[in-house]
Amino acid sequence: MENLFAIIIGAIFVNNFILTRFLGLCPFFGVSKKTKPALGMGLAVIFVMTLASIVTWIVYNLILVPLGLQYLQIIVFILIIATLVQFVELFLKKANPVLYKALGIYLPLITTNCAVLGVAFLNVQENYSFIAALVFGLSAGVGFLLALLLMSGIRERLELSKVPKAFSGIPIAFIVAALMSLAFLAFSGIIR
Amino acid sequence: MKQNKTFGNKISKPIKNQQVFNSFWELMKGLFKENPVFCLVLGLCPFLAVSTSLDNAIGMGAAATFVLVCSNFIISLIRKKVPDKIRIPIFIVVIASFVTIASLVMQAYLPVLNKALGIYVPLIVVNCIILGRAEAFASKNNIIKSTLDGLGMGIGFTLSLLLISFIREFLGTGSLKLFGVNLVSIPMEPAVIFILAPGALLVMGLLLGLFAHIRNKKYEATCCEVKE
């Protein structure tokens with residue numbers, strides 16, 4: 001139980017996927033201009049990340065390891081995630097059109113989000129149990145949403161302020177992210 | 001541009017001259033005008049994470065260049081056979097195969113480097129530069145051009161990675177090491193923050209600002225306009 005708690009705090013705050021591991025930077029800078037799309041993207045990521053974490057764990061531990069095919073993990077994981085995203089998209093379209101409308105356009109973007117693939121590789125690297133992998137996927141997604149929401153809030157304000165011409169747009173976003181990352185460093189004492 | 005001339009003069013025929021110039025251009029555009037990192041802002045995830053030391057930068061740059069060149073070559077080879085609808089999955093499988101090769105070779109021969117780069121080696125597979133070049137360039141151009149494009153983009157990526165790791169390692173540890181050999185060291189307290197995560201984002205932001213400034217002055221936004 002304590003272990004799971006450590007995983008949750010670790011994935012959300014201490015080793016935040018975006019701010020300390022640099023995973024998923026492309027959507028982080030791409031979709032953080034406004035709060036509403038940022039929320040949609042974050043929720044879609046949580047959903048897919050949890051699902052991907054579960055499915056890749058099952059495939060890795062129940063199929064690849066018994067057959068001694070661990071070296072295929074890169075190809076297998078990327079294909080699983082790509083198909084998973086497609087399935088989720090199709091399923092949502094049928095089952096829950098409202099949710100589909102909210103998350104729909106972000107789903108295809110997630111396929112190439114390295115955070116999702118990163119979760120799968122980290123699960124293997126850390127040798128997590130099934131429950132731990134599930135919790136890790138979920139809390140990594142929450143950490144992603146947290147950073148994305150904070151960033152979009154700041155960037156909405158940033159639109160109104162005067163930024164030197166050379167720094168407008170992406171460069172200033174990087175500097176803001178650096179300051180956020182600095183703030184998140186303060187969490188690093190919590191675990192161990 | 002000066003290099004283009006000297007390179008072209010070696011071949012006497014004018015038609016060949018033009019071809020050589022063209023292919024040379026494919027190579028050079030990746031380095032400066034369409035630099036994948038600073039101009040197109042692609043492939044950031046592995047870029048920032050491994051830019052803590054020059055060794056890591058060279059390792060990651062070499063792996064990414066290998067994958068870029070090989071995948072561009074293969075994809076341009078099969079580009080006429082691939083059905084349009086399923087081209088993306090096919091590209092991804094090709095890329096993933098080469099990433100697997102790079103990752104296995106690294107595990108076998110460079111275990112220290114492999115440990116330092118960690119999960120960022122397999123993550124080359126979702127590096128937007130590689131899929132981006134496959135989709136935007138290799139699937140439309142011939143083999144020679146595509147291979148050169150991959151090489152140019154790879155070298156551009158490596159050079160940018162070296163630049164940022166140079167700054168971070170120098171300021172963050174106060175010394176520069178290359179393959180275990182100490183190149184320079186300065187007698188002062190290092191600013192550790194540059195080695196940590198915020199340092200990467202800060203250096204990257206400042207460099208992007210600097211490049212944007214130079215670009216604004218130089219060609220009045222000819223490049224990077226189509227970024228969005």
Side-chain angles (χ1 to χ4, degrees), chain A residues 15-30 71-79 81-83 86 108 111-126 163-185 188, chain B residues 38 41-51 88-89 92-104 107 118-128 130-132 192-194 196-217 224 227-228:
Chain A
N15 288 319
N16 186 288
F17 259 53
I18 296 176
L19 296 172
T20 56
R21 288 196 205 263
F22 305 116
L23 294 172
L25 279 180
C26 305
F28 180 61
F29 288 113
Y71 65 92
L72 280 179
Q73 57 164 315
I74 299 175
I75 300 178
V76 170
F77 284 2
I78 185 86
L79 287 180
I81 289 169
T83 19
Q86 287 285 321
T111 315
T112 50
N113 183 341
C114 34
V116 178
L117 196 60
V119 166
F121 288 127
L122 283 171
N123 279 336
V124 170
Q125 192 185 305
E126 304 283 327
V163 176
K165 198 186 160 202
F167 278 94
S168 62
I170 299 281
I172 194 73
F174 265 96
I175 290 173
V176 168
L179 296 175
M180 278 171 65
S181 167
L182 199 59
F184 269 69
L185 263 192
S188 63
Chain B
F38 291 117
V41 200
L42 286 177
L44 290 174
C45 316
F47 184 76
L48 290 178
V50 303
S51 63
I88 301 282
I92 289 180
V93 173
V94 171
I95 294 167
S97 317
F98 284 111
V99 174
T100 308
I101 294 172
S103 159
L104 290 177
Q107 269 172 36
I119 60 160
Y120 297 101
V121 179
L123 282 179
I124 295 176
V125 85
V126 278
N127 189 325
C128 342
I130 296 170
L131 191 60
V192 185
I193 194 75
F194 282 101
L196 300 172
L201 293 162
L202 188 64
V203 171
M204 187 68 193
L206 293 175
L207 282 177
L208 280 174
L210 180 70
F211 282 110
H213 181 67
I214 295 170
R215 221 163 26 235
N216 288 344
K217 263 192 172 168
C224 291
K227 191 174 63 194
E228 301 292 317

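Letters A, B, ... are given to chains in the order of the sequence lines, protein chains preceding strands, and every chain is numbered from 1.
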Between B/Gly209, B/Gly199, B/Ala212, the one whose heavy-atom pairs under 4.5 Å with chain A are most numerous: B/Gly209
Top contributor to chain A interface from B/Val203, B/Leu206, B/Val93 [non-hydrogen pairs under 4.5 Å]: B/Leu206
Per-residue contact mode, A/Ile75 against chain B (heavy atom under 4.5 angstrom): both
Within-4.5 Å side-chain heavy-atom neighbours: A/Ile18 and A/Met180: no
Taking every non-hydrogen atom, the tightest pair across B/Ala197 and A/Phe22: O-CZ, 3.4 Å
Donor-acceptor under 3.5 Å (B/Thr100 side chain, B/Ala96 main chain): yes
Atom group of B/Leu196 that falls short of 4.5 Å from chain A, counting heavy atoms: side chain
B/Ile193 portion near chain A, given a 4.5 angstrom heavy-atom threshold: side chain
Structural part of A/Leu185 lying under 4.5 Å from a heavy atom of chain B: side chain
Residue, of A/Ile74, A/Thr83, A/Leu25, that accumulates the most heavy atom pairs under 4.5 Å with chain B: A/Ile74
Residue selection (most heavy-atom pairs with chain A, distance under 4.5 Å) from B/Pro89, B/Ser97, B/Ser103: B/Ser97
Portion of B/Ile119 that has a non-hydrogen atom of chain A nearer than 4.5 angstrom: both
Structural part of B/Val99 lying under 4.5 Å from a heavy atom of chain A: both
